[in-house]
Amino acid sequence: AGWRGKTVKSISINVKLFAILIFTGVIFAIIMLWSFHIQNQLLEENLAHERRDGSALVDTIINLGSTVLQSFANDYSRWDEMVQFVSTRDQKWSKVNIDPELGIVGVDVIWICDTNVSPIYAVDVWGDSLASAVRLFTEERDSIAGNNRFHHWFAPTKWGLLEIHQAPIQ
């Protein structure tokens, strides 16, 4: 009778040790899973931050390169003689006053449009091949004509992307 009591007691201790071991293993697994989850969140936040920083850097670089073109469009849009040119469409005046600007400040193509955003004069550094190849898209024409504001966009061409700055003649 005494021998059976010891076996029950030792099984009981083994079961208790096994239960403690399982409980400890489950707690360890939960802590590890939680740790992996926290690390994943931190990694996703860091990646999102890096994407935002990269995007902001690209925007800054594009804006730095665009400043000269934007100034060119703004300056010429405020010129009184430009208003006269739209009315008279004097080709001699445009050859003397517009054409020499090509290539000087990174301007490869110039369009001068009427109030309906229909080009009345176009010239480019390659002798009209680019000016005639790139068309204003319908949505942009509607947006430009409707808002009468300054616009900036990129147009795809066979030569690559063309950066366009538009300013209303004022």
Side-chain angles (χ1 to χ4, degrees), residues 27-87 89 93-170:
I27 295 295
F28 180 75
I30 289 171
I31 290 172
M32 289 302 293
L33 288 173
W34 181 72
S35 174
F36 287 138
H37 176 72
I38 295 297
Q39 286 179 347
N40 250 357
Q41 279 185 323
L42 290 174
L43 182 61
E44 286 177 14
E45 288 174 12
N46 286 340
L47 286 173
H49 181 70
E50 289 297 321
R51 280 189 210 114
R52 279 192 306 270
D53 285 353
S55 178
L57 180 61
V58 169
D59 288 345
T60 301
I61 291 169
I62 289 172
N63 286 337
L64 286 174
S66 297
T67 304
V68 174
L69 294 174
Q70 185 177 10
S71 294
F72 177 81
N74 290 343
D75 291 348
Y76 272 72
S77 74
R78 298 175 194 278
W79 196 9
D80 291 339
E81 290 181 28
M82 190 65 73
V83 175
Q84 285 178 321
F85 173 72
V86 171
S87 297
R89 299 177 188 209
W93 181 88
S94 63
K95 296 282 184 209
V96 170
N97 293 289
I98 303 298
D99 293 10
E101 297 302 321
L102 288 172
I104 292 177
V105 291
V107 175
D108 294 331
V109 61
I110 298 172
W111 290 276
I112 300 174
C113 301
D114 61 16
T115 55
N116 295 321
V117 196
S118 297
I120 57 173
Y121 185 75
V123 64
D124 67 57
V125 294
W126 298 283
D128 260 0
S129 59
L130 180 61
S132 60
V134 177
R135 303 272 184 251
L136 295 176
F137 302 111
T138 305
E139 308 84 46
E140 285 143 352
R141 289 180 65 165
D142 293 345
S143 176
I144 293 166
N147 294 328
N148 195 28
R149 298 181 353 191
F150 296 87
H151 290 272
H152 174 233
W153 71 93
F154 292 87
T157 71
K158 67 180 181 181
W159 300 278
L161 284 179
L162 177 67
E163 182 176 10
I164 300 174
H165 283 271
Q166 180 268 331
I169 297 174
Q170 307 173 47

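- Formation of a donor-acceptor pair under 3.5 Å by the Ser55 side chain with backbone atoms of Arg51 is not found in this model.
- Put simply, CG on Asp108 and CG on Leu102 are 8.0 Å apart, with the number rounded to the nearest 0.5 Å.
- Taking all atoms of both residues into account, the shortest heavy-atom contact from Ala167 to Asn74 is CB-OD1, 4.2 Å.
- In this structure, Trp79 and Trp93 have tilted ring planes: the angle between them lies in the 30° to 60° band.
- Interatomic distance, CG of Leu43 versus CD of Glu50, reported as 10.5 Å (0.5 Å rounding).
- Under a 3.5 Å cut-off, the side chain of Thr60 and the backbone N or O of Ala56 do form a donor-acceptor pair.
- Once rounded to the nearest 0.5 Å, the distance linking CD of Glu81 with OG of Ser94 reads 12.5 Å.
- In this structure, the separation between CE on Met32 and CD1 on Ile27 is 14.0 Å, given to the nearest 0.5 Å.
- For the atom pair Ile110 CD1 and Phe72 CZ, the distance stands at 4.0 Å (nearest 0.5 Å).
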Please test Trp111 against Ile164 for side chain to side chain contact (heavy atoms under 4.5 Å, CB included), starting from the C-alpha separation and ending with a verdict. CA-CA 10 Å; Trp111 290 276; Ile164 300 174; 4.3 Å; yes
Would His165 and Leu69 count as a side chain to side chain contact (heavy atoms under 4.5 Å, CB included) if you check the C-alpha gap in whole Å, the side-chain angles of each, and the deciding distance to 0.1 Å? CA-CA 7 Å; His165 283 271; Leu69 294 174; 3.4 Å; yes
Between Ile112 and Tyr76, is the side chain to side chain contact (heavy atoms under 4.5 Å, CB included) condition met? List the steps. CA-CA 10 Å; Ile112 300 174; Tyr76 272 72; over 6 Å; no
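- Residue Asn46 holds its CG atom at 12.0 Å from CD of Gln41, rounded to the nearest 0.5 Å.
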